[in-house]
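Please read the structure below before turning to the comments.
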There are 2 protein chains.
Amino acid sequence: MTLAEKAYDALRHDIIRGELPPGRPLRLSDLSERYEMGFSPLREALNRLQAERLVTAESLRGFRVAPLSLDELLDAVNVRIRIESDALRASIRSGDDAWAAGIVSALYALNLQVDRTGPDADIWTLEARHYAFHRALLAACNSPWTLEFFERLYAATERYRIPVLLAAAHPAGRDVQGEHGALAEATLARDADKATALLEEHYRRTANHLANVFGMKRPDELIAAG
Amino acid sequence: MTLAEKAYDALRHDIIRGELPPGRPLRLSDLSERYEMGFSPLREALNRLQAERLVTAESLRGFRVAPLSLDELLDAVNVRIRIESDALRASIRSGDDAWAAGIVSALYALNLQVDRTGPDADIWTLEARHYAFHRALLAACNSPWTLEFFERLYAATERYRIPVLLAAAHPAGRDVQGEHGALAEATLARDADKATALLEEHYRRTANHLANVFGMKRPDELIAAG
DNA sequence: ATTCCAAAAATTTTCGAAAATATGTATTGC
DNA sequence: GCAATACATATTTTCGAAAATTTTTGGAAT
């Protein structure tokens, strides 16, 4: 793996987790010290992340971590609902046994982690399994473009979820677990209408929670904009 | 404008127009000579284009123009129909007079160019106005994420359309003009169902044509996959 | 003829310094 | 005191060369 690839992974990781907070200037000398490499691989990574909208760039004035905004969150959630609903329907239509087994497996692993407490309750493992579950639902949609957009939107919304998860220890953990279980159940039963309705509700609930914690009180826009 | 930005624009331009054909290796020494700059700005541009899937990269083995495939075209068209239909509905719901005027203006300019013959029949002007028209339809959707995905998918499908446009001089030009007019009419009348139906038909017809010219005879998949 | 290996060549990747630009600071003039 | 300007510093951007890796070439062994 080249240094540029390592830089990309590390920067993306640190931005999504908020270790590099939104709006923070990404000065090359700082990054060079932090990640122990020269400017070249860092600039390449920053350019890739710029194309993914995780960093912003201004000509001759450097890079910054892309800012967060309630508007962007609402937009991302609404587009996610559209795209993932379509993808879920396609998956339900054409998913095979391996797809179904993948969902069962991902849900099981996710629930194990949701139930864990104490030192084993690692929030990053939880996040990884949450992603894996949602990704597994769409795995059979047979549309690379859809999956890429899913990934982009997941990364974008994850930036809003992480600080909330870090602040409160497992907010409504059991509740969410139930939602995931019901979503998996409807999906495996090939009930596309029910599954997409649950998916939408799941996202709207999560987004409402995030929007509230974010301190800006406009949760109604989530439904209005849909 | 920095050299890296110029490199990005030039490479994107040349890839979409097919001057750098699909699959072609993008060697830095070649590019350095072609665009008259050093390696650094070129590598930055290539990394951005990689994130946009217009070029592929393999560790230590360089960059290539991303290949074309019928599967990718079908996928892109289907996802475009979903995303643009939603965006068109949103635009129709919330578009104001400026939005409507923008559509009228873009359609007028497009038709002017469609009708031109001889030395004025510049295919690149036509392409730009075609893009501007479709962009104008969605301008009021109020969703940056949707517009970004539209742009990505437009660029991806443009790569398939260009060689066809270049081969045949204005294939079914007047026909397409009629389609655009009808689409604009339904949109301005705020008839979302009719407008999205026309949009879908427009894309399926275009994609069928492209798929046929592309030599692979599976146009039926376009409907089956939808 | 074919496979294997080593050397040569070509290419990508990375660094460190130079050039270009932006930012901050002191100083001058009013 | 305040704006404008010149200077110094900090930062980004670009280049050219060095390092690392892959690809090609040429020949030897089977």
Side-chain angles (χ1 to χ4, degrees), chain A residues 1-68 148 159, chain B residues 1-68 148 159:
Chain A
M1 190 185 249
T2 64
L3 283 180
E5 288 165 330
K6 281 185 195 139
Y8 171 81
D9 288 345
L11 275 166
R12 186 173 191 277
H13 181 272
D14 291 350
I15 289 170
I16 290 177
R17 294 197 176 188
E19 284 162 35
L20 295 170
R24 163 150 168 186
L26 296 167
R27 294 216 183 74
L28 287 166
S29 47
D30 296 348
L31 299 179
S32 181
E33 191 180 352
R34 180 183 178 113
Y35 299 112
E36 297 175 298
M37 57 181 75
F39 289 0
S40 308
L42 288 169
R43 284 187 66 86
E44 295 192 14
L46 289 167
N47 275 287
R48 287 176 62 184
L49 292 164
Q50 181 199 1
E52 295 179 25
R53 296 232 200 287
L54 286 174
V55 317
T56 62
E58 242 184 312
S59 226
L60 294 174
R61 299 186 46 176
F63 300 87
R64 294 172 167 273
V65 178
L68 299 184
E148 182 190 329
R159 296 183 67 206
Chain B
M1 190 186 247
T2 63
L3 283 180
E5 287 166 329
K6 281 185 194 137
Y8 171 81
D9 288 345
L11 275 166
R12 186 174 191 277
H13 181 272
D14 291 350
I15 289 170
I16 289 176
R17 294 196 176 189
E19 284 162 35
L20 295 170
R24 165 152 166 182
L26 296 167
R27 293 214 184 76
L28 286 165
S29 47
D30 296 347
L31 299 178
S32 181
E33 191 180 353
R34 180 183 178 113
Y35 299 112
E36 295 175 299
M37 59 181 74
F39 289 0
S40 308
L42 287 168
R43 284 186 66 86
E44 295 193 14
L46 290 168
N47 274 288
R48 287 177 63 184
L49 293 165
Q50 181 201 1
E52 295 179 26
R53 297 239 200 287
L54 286 174
V55 318
T56 62
E58 243 184 312
S59 228
L60 294 174
R61 300 186 45 175
F63 301 87
R64 294 171 168 273
V65 179
L68 299 184
E148 184 191 326
R159 297 182 66 206

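Note that the structure is predicted; figures quoted are calculated from it, not measured. Reminder, nothing fancy here: chain letters follow the sequence lines and each chain counts from 1.
Residues A:V55 and A:L11 form no side-chain contact, since every pair of their non-hydrogen atoms from C-beta on lies 4.5 Å or further apart. For the pair B:S32/B:L42, a side-chain contact is recorded, criterion being any heavy-atom separation below 4.5 Å from C-beta on. No side-chain heavy atom of B:T2 sits under 4.5 Å from any side-chain heavy atom of B:E44. When side chains are defined from C-beta on, B:P67 counts as touching B:T56, because their heavy atoms get closer than 4.5 Å.
For B:R43 (side chain) and A:S40 (main-chain N/O), no donor-acceptor pair under 3.5 Å exists by modelled atom type. Panel note: side chain B:R159, backbone B:A66; a donor-acceptor pair is recorded below 3.5 Å.
For the atom pair A:Q50 CD and A:E58 CD, the distance stands at 11.0 Å (nearest 0.5 Å).
Counting to the nearest Å, the P atom of D:dA19 and the CG atom of A:L3 are 15 Å from each other. Rounded to an integer number of Å, the gap from CE of A:M1 to P of D:dT21 is 15 Å. The interatomic distance linking A:M37 (CE) with C:dT13 (P) rounds to 14 Å, in whole Å. In this structure, the CD atom of B:E44 is 14 Å from the P atom of C:dT13, given to the nearest Å. Distance CG (B:L42) to P (D:dT13): 15 Å, rounded to an integer number of Å. Regarding B:R43, its CZ atom lies at a distance of 8 Å from the P atom of C:dT12, rounded to whole Å.
Looking at heavy-atom distances under 4.0 Å, B:T2 makes contact with sugar-phosphate atoms alone, never a base.
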**Request:** Using a 4.0 Å heavy-atom cut-off, write out nucleotides 17-25 of chain C from 5' to 3' as B (base contacted by protein), S (sugar-phosphate only) or - (no contact).
**Result:** ----SSS--

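Looking at residues two or more places apart in sequence or on another chain, you find a side-chain contact (heavy atoms from CB on, under 4.5 Å) between A:R34 and A:D14, A:E19, A:L20, A:R24.
Non-hydrogen atoms lying under 4.0 Å from DNA chain C are contributed by nothing in residues 21-36 of chain A.
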